[in-house]
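Scroll down for the structure; my scribbles are underneath it.
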Amino acid sequence: MVAFNGNPSTIESESSPVQNPILLKYTPISDTLEIVVNVSNYHHNKGGFWLPIKVGPFSKIQTGYSLNYVTGMATSSMLFFSFCFFFLLYLFKKKYLKALYFSIILLT
């Protein structure tokens, strides 16, 4: 066993869900790679894998993972600063209720 997440089981009370992506650097010992995946789904309505398993050069996969992380953080930061701007606009001009509503939407 090289990696695992949670505890899949045939009994619901014994299984425990975990949704953490694993980035794994593995050097195969032979020319054949066997991937065995045990999945149980008692805790979510979609079930199974949400994202595909990626096999390839570690640096390329790591770069893609990092790019997705940075993009998500940048988007979250922009939404938060937009929330701050429109909420401050509402605080200074109480008659701009649209700014308050928009800031609440941005925060959610």
Side-chain angles (χ1 to χ4, degrees):
M1 182 181 299
V2 180
F4 66 93
N5 257 340
N7 182 26
S9 176
T10 56
I11 302 170
E12 181 178 0
S13 61
E14 294 178 2
S15 70
S16 62
V18 175
Q19 297 179 3
N20 294 331
I22 295 177
L23 186 60
L24 180 68
K25 188 173 186 176
Y26 176 73
T27 306
I29 343 174
S30 68
D31 62 345
T32 304
L33 179 64
E34 182 179 351
I35 299 174
V36 178
V37 180
N38 295 318
V39 177
S40 65
N41 181 38
Y42 297 106
H43 304 281
H44 200 279
N45 62 351
K46 289 188 178 181
F49 285 102
W50 293 6
L51 300 172
I53 296 175
K54 296 179 182 178
V55 178
F58 183 76
S59 60
K60 187 174 181 180
I61 293 174
Q62 186 178 26
T63 302
Y65 182 75
S66 299
L67 183 62
N68 285 342
Y69 179 77
V70 168
T71 304
M73 291 302 292
T75 304
S76 299
S77 299
M78 289 173 26
L79 288 171
F80 179 73
F81 288 123
S82 297
F83 157 76
C84 291
F85 172 78
F86 283 101
F87 189 71
L88 287 173
L89 181 66
Y90 167 74
L91 288 179
F92 287 118
K93 301 279 186 173
K94 296 285 187 183
K95 65 179 181 178
Y96 291 151
L97 283 176
K98 292 178 184 177
L100 174 65
Y101 299 146
F102 189 60
S103 68
I104 292 171
I105 289 171
L106 288 171
L107 185 61
T108 58

Using side chain to side chain donor-acceptor pair (under 3.5 Å) as the criterion, list what pairs up with [X], not counting sequence neighbours.
X     : answer
Glu14 : Ser9
Ser15 : His43
Ser82 : none

Taking distance alone, no hydrogens or angles, what donor-acceptor pairs closer than 3.5 Å link side-chain atoms of residues 73-81 to residues at least two apart or in another chain?
unit_1	atom_1	unit_2	atom_2	d
Thr75	OG1	Thr71	O	2.9
Ser76	OG	Gly72	O	3.0
Ser77	OG	Met73	O	2.9

Expected output: side-chain Ser16 to main-chain Gly6 donor-acceptor under 3.5 Å: no

Backbone N/O of Pro17 and side chain of Tyr42: donor-acceptor pair under 3.5 Å: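 The answer is no, because no donor-acceptor pair under 3.5 Å joins these two groups.
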
Heavy-atom side-chain proximity of Ile61 to Val55 below 4.5 angstrom: no

Using atom types as modelled, flag every donor-acceptor pair under 3.5 Å from a side chain in residues 22-31 to any protein atom, sequence neighbours excluded.
unit_1	atom_1	unit_2	atom_2	d
Ser30	OG	Thr32	N	3.4
Ser30	OG	Thr32	O	3.3

Please set out all donor-acceptor pairs under 3.5 angstrom arising from side-chain atoms of residues 93-108, sequence neighbours excluded.
unit_1	atom_1	unit_2	atom_2	d
Ser103	OG	Ala99	O	3.3
Ser103	OG	Leu100	O	2.7
Thr108	OG1	Ile104	O	3.4
Thr108	OG1	Ile105	O	2.9

Residues in side chain to side chain contact (heavy atoms under 4.5 Å, CB included) contact with Val39, at least two apart in sequence or another chain: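 With neighbours one apart ignored, the set is Val37, Phe49.
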
